[in-house]
A.B. asks: 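There's a structure below that I have some questions on.
A, B, ... follow the sequence lines: proteins, then strands. Residue 1 opens every chain.
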Number of protein chains: 2
Amino acid sequence: MVTIKDVAREAGVSVATVSRVLNDNGYVGADTRKKVMEAIAELNYSPNEVARSLYKRESRLIGLLLPDITNPFFPQLARGVEDELSQAGYRLLLGNSDENIQKELDYIQTFVQNNVVGIITATNHVDYKIYEALDLPLVLLDRASENYPAVFADGREGGRLAAKTLIEKGSKRITLVKGPANIKPAQDRFQGAIEELSQADVDFSVLSTTSYSFEEAQGWAEELFDKFSDTDGVIASNDIVGIAIVHEALERGKRIPDDVQIIGYDDIPQSRLSYPTLSTIRQPAYEMGREAAKLLIRTIKKEPGVEQTIQMPVELVERKTTRKD
Amino acid sequence: MVTIKDVAREAGVSVATVSRVLNDNGYVGADTRKKVMEAIAELNYSPNEVARSLYKRESRLIGLLLPDITNPFFPQLARGVEDELSQAGYRLLLGNSDENIQKELDYIQTFVQNNVVGIITATNHVDYKIYEALDLPLVLLDRASENYPAVFADGREGGRLAAKTLIEKGSKRITLVKGPANIKPAQDRFQGAIEELSQADVDFSVLSTTSYSFEEAQGWAEELFDKFSDTDGVIASNDIVGIAIVHEALERGKRIPDDVQIIGYDDIPQSRLSYPTLSTIRQPAYEMGREAAKLLIRTIKKEPGVEQTIQMPVELVERKTTRKD
DNA sequence: TTGAAAGCGCTACCAC
DNA sequence: GTGGTAGCGCTTTCAA
């Protein structure tokens, strides 16, 4: 490993001087600077971040905590976060919590042990006690909060929009799929949909589900049509479940959208590849990730007047599982 | 921040002693140990990994370099890696390279700067010059190599299997979709398919594509049926493209699998949610991730006789886009 | 069985 | 403008 000492020796100056040119602060004579630069290039030196981090008590690392990168909504978030962060010179320490509190605690702890300068968490099972004690910039992603900066989409409005869409397009016996109870955003969109459905002149029923997983989605879809075989409009808890429902409807010989309309939630990339393509409520996941990263960077830099909360717009994406008018 | 000094003071011992109980080495009297443990608990102390890392010149961090987490094949790999690694007490520094050599170099450099103890890379655009100079355990994931430990699935065999399947099930005018030229595994499976097709008594044609992205998949599918409208069997370059092709075939009024059979590659989770469900060649992505992590850990620990290379089996998953016999 | 102290690579303060 | 050096939190000799 080549260290600052080697560079100093090579350039015939002191380590202090090398450090100055490295960090571009303090006075350094033009030719001294040149010598140092040459030595750096010559030795192919790059500073040890660990030593820096130790001294300055802060790294260029940021912790990102996700429920499960395997759920196609999260890679988008993660990518948005990374793209913004890496551009600003930060690197990502990644953890998947599976909404398991112990894993979450473990990751938070190692984030701290590694001197991260901030944390972004998209976890729902948040135990505020840890976060409270955390003396670190924190931003919540895909989750609202009164206590922390947060970036999230308007779930309630999204739920309303989904319901309104099906109602306007003529569904009369709507089935609303309720996502996992412990996932806050799932409940928000559920509430929004309920509000809208309650005010309208339609029958509706609710199917309770406890997961978003690919493995189980098919099961929920079957259960749905077993229980509510005559439904003519389904509001899915997310796109995975929505795609599974489309699939199952076709399997049972229903015509989409004539016999049954289906609307998803999230707008994951594969929704436009389903057949028929899935109408859905879009959350701008990638942009949410970017915004969260920007917000975090601003709070790290202690910029004044940083908004506590960014609510991203939700949007109807009309494709082929809803009727044309 | 509570440091080892605080603990030492609280316990009435020296920092050396605290360090000894922390690392469980050297002699420590039973009651001294007890006092220290109590102080640690009392102060809720956990050691600063950065300081440790600096002194020992190695961290508990591992760098993971991926082309793009947004491509659904990679979250599975990543999750496998993480599950295995975190269990062994390692944490993940994550980077997406987009197959861009500069990003790759940047990430590698910061991995090194942060004292990672090893690197796993699933990048194809590998510039061996950097890796050669790297004095660090490295394992290649989803990529074969003679020079480095690697975990990958048998692409050639997979390609063969895909072709053989379509041939056996009666396709006579097969279209083979060739994946991006710079992606090694894509070429392996392509070669395997070519081999098999060449030996068989069928016509076939090749469609060249340059990406795996969701955005463009639809375009490839359209191009395919525009150019080869009478094809009765398609070997897709991966499942994303496969799903897009299924979609487009249906759109054009073709019956699947009667008019055209389609076989994908990877077995990403959403393949079983497509309609009809996609027959495909499965790569055990999650397990590949785990194996890569295990392999890395073993080489880090310098265990003797570590295999240089692990080839994972590839497997036909028959679903609804191929005929039943 | 324990403590003192050097030193990991770097930054920042204080002299000159 | 530049160099010497203390010190970031920890581990590991070396002595006692």
A.B. asks: Mind listing the closest non-hydrogen atom pair of A/Ile119 and A/Leu134 along with its distance?
C.D. replies: CD1-CD2, 3.8 Å
A.B. asks: Could you tell me, to 10°, how much the axis swings from one end of the helix from C/dT1-D/dA16 to C/dC16-D/dG1 to the other, five pairs per end?
C.D. replies: 50°
A.B. asks: Kindly confirm or rule out a cation-pi arrangement of B/Arg91 over A/Tyr107, judged by NZ or CZ under 6.0 Å from the six-membered ring centre and within 45° of its axis?
C.D. replies: yes
A.B. asks: Are the charged groups of B/Lys35 and B/Asp31 less than 4.0 angstrom apart, N to O?
C.D. replies: no
A.B. asks: State, yes or no, whether a side-chain contact exists between A/Val81 and A/Met288 at a heavy-atom distance under 4.5 Å.
C.D. replies: no
A.B. asks: C/dC8, OP1 or OP2 - any side-chain N/O from A/Thr3 closer than 4.0 Å?
C.D. replies: no
A.B. asks: Nearest to the A/Thr32 side chain among D/dG4, D/dT12, D/dT2, which nucleotide is it?
C.D. replies: D/dT2
A.B. asks: Assign each of B/Val13 and A/Ile4 to its nearest nucleotide of DNA chain C by heavy atoms, then name whichever residue's nucleotide is nearer the 5' end.
C.D. replies: B/Val13
A.B. asks: Under 4.0 Å between a side-chain nitrogen and a carboxylate oxygen: does that hold for B/Lys184 and B/Asp142?
C.D. replies: no
A.B. asks: Rounded to the Å, how far apart are A/Leu22 CG and C/dG9 P?
C.D. replies: 15 Å
A.B. asks: Specify the residue among A/Val15 and A/Arg33 whose closest nucleotide of DNA chain D lies further upstream toward the 5′ end.
C.D. replies: A/Arg33
A.B. asks: Could you check how far CZ of B/Arg20 sits from P of D/dT11, rounded to whole Å?
C.D. replies: 11 Å
A.B. asks: Grab the CG-P distance between B/Asn114 and C/dG9 for me, whole Å please.
C.D. replies: 15 Å
A.B. asks: Just checking B/Ser19: base, sugar-phosphate only, or nothing, at a heavy-atom cut-off of under 4.0 Å?
C.D. replies: base
A.B. asks: Specify the separation, in whole Å, of atom CG of B/Asp24 and atom P of D/dT12.
C.D. replies: 13 Å
A.B. asks: Respond yes when some side-chain nitrogen or oxygen of A/Asn25 is under 4.0 Å from OP1 or OP2 of C/dA12, and no when none is.
C.D. replies: yes
A.B. asks: Between A/Glu104 and A/Asn100, is there a side-chain donor-acceptor contact under 3.5 Å, judged purely by atom types and distance?
C.D. replies: no
A.B. asks: Give a yes or no on whether a salt bridge exists between B/Lys294 and B/Glu291, defined as a side-chain N under 4.0 angstrom from a carboxylate O.
C.D. replies: yes
A.B. asks: Tell me whether A/Lys103 is salt-bridged to A/Asp106, with the criterion being a basic N under 4.0 Å from an acidic carboxylate O.
C.D. replies: no
A.B. asks: At less than 4.0 Å, is any side-chain N or O atom of B/Thr17 found next to OP1 or OP2 of C/dG3? Yes or no.
C.D. replies: yes
A.B. asks: Whole-Å distance between D/dT12 C1' and B/Tyr27 OH?
C.D. replies: 15 Å
A.B. asks: When you measure from the centre of the six-membered ring of B/Tyr90, is the NZ or CZ of B/Arg60 closer than 6.0 Å and no more than 45° off the axis?
C.D. replies: yes
A.B. asks: Over how many whole Å does the gap from B/Met1 atom CE to D/dC10 atom C1' extend?
C.D. replies: 11 Å
A.B. asks: Send over the distance from B/Asn23 CG to D/dG9 P, rounded to a whole Å.
C.D. replies: 17 Å
A.B. asks: Before accepting this row, confirm whether a basic side-chain N of the pair B/Glu49/B/Arg52 lies closer than 4.0 Å to the acidic partner's carboxylate O.
C.D. replies: yes
A.B. asks: Is there a residue in residues 42-60 of chain B whose heavy atoms reach under 4.0 Å of DNA chain C, and which residues are they?
C.D. replies: B/Leu54, B/Tyr55, B/Arg57
A.B. asks: Expressed in angstrom and rounded to an integer, what is the separation of A/Asp6 atom CG from C/dC8 atom P?
C.D. replies: 11 Å
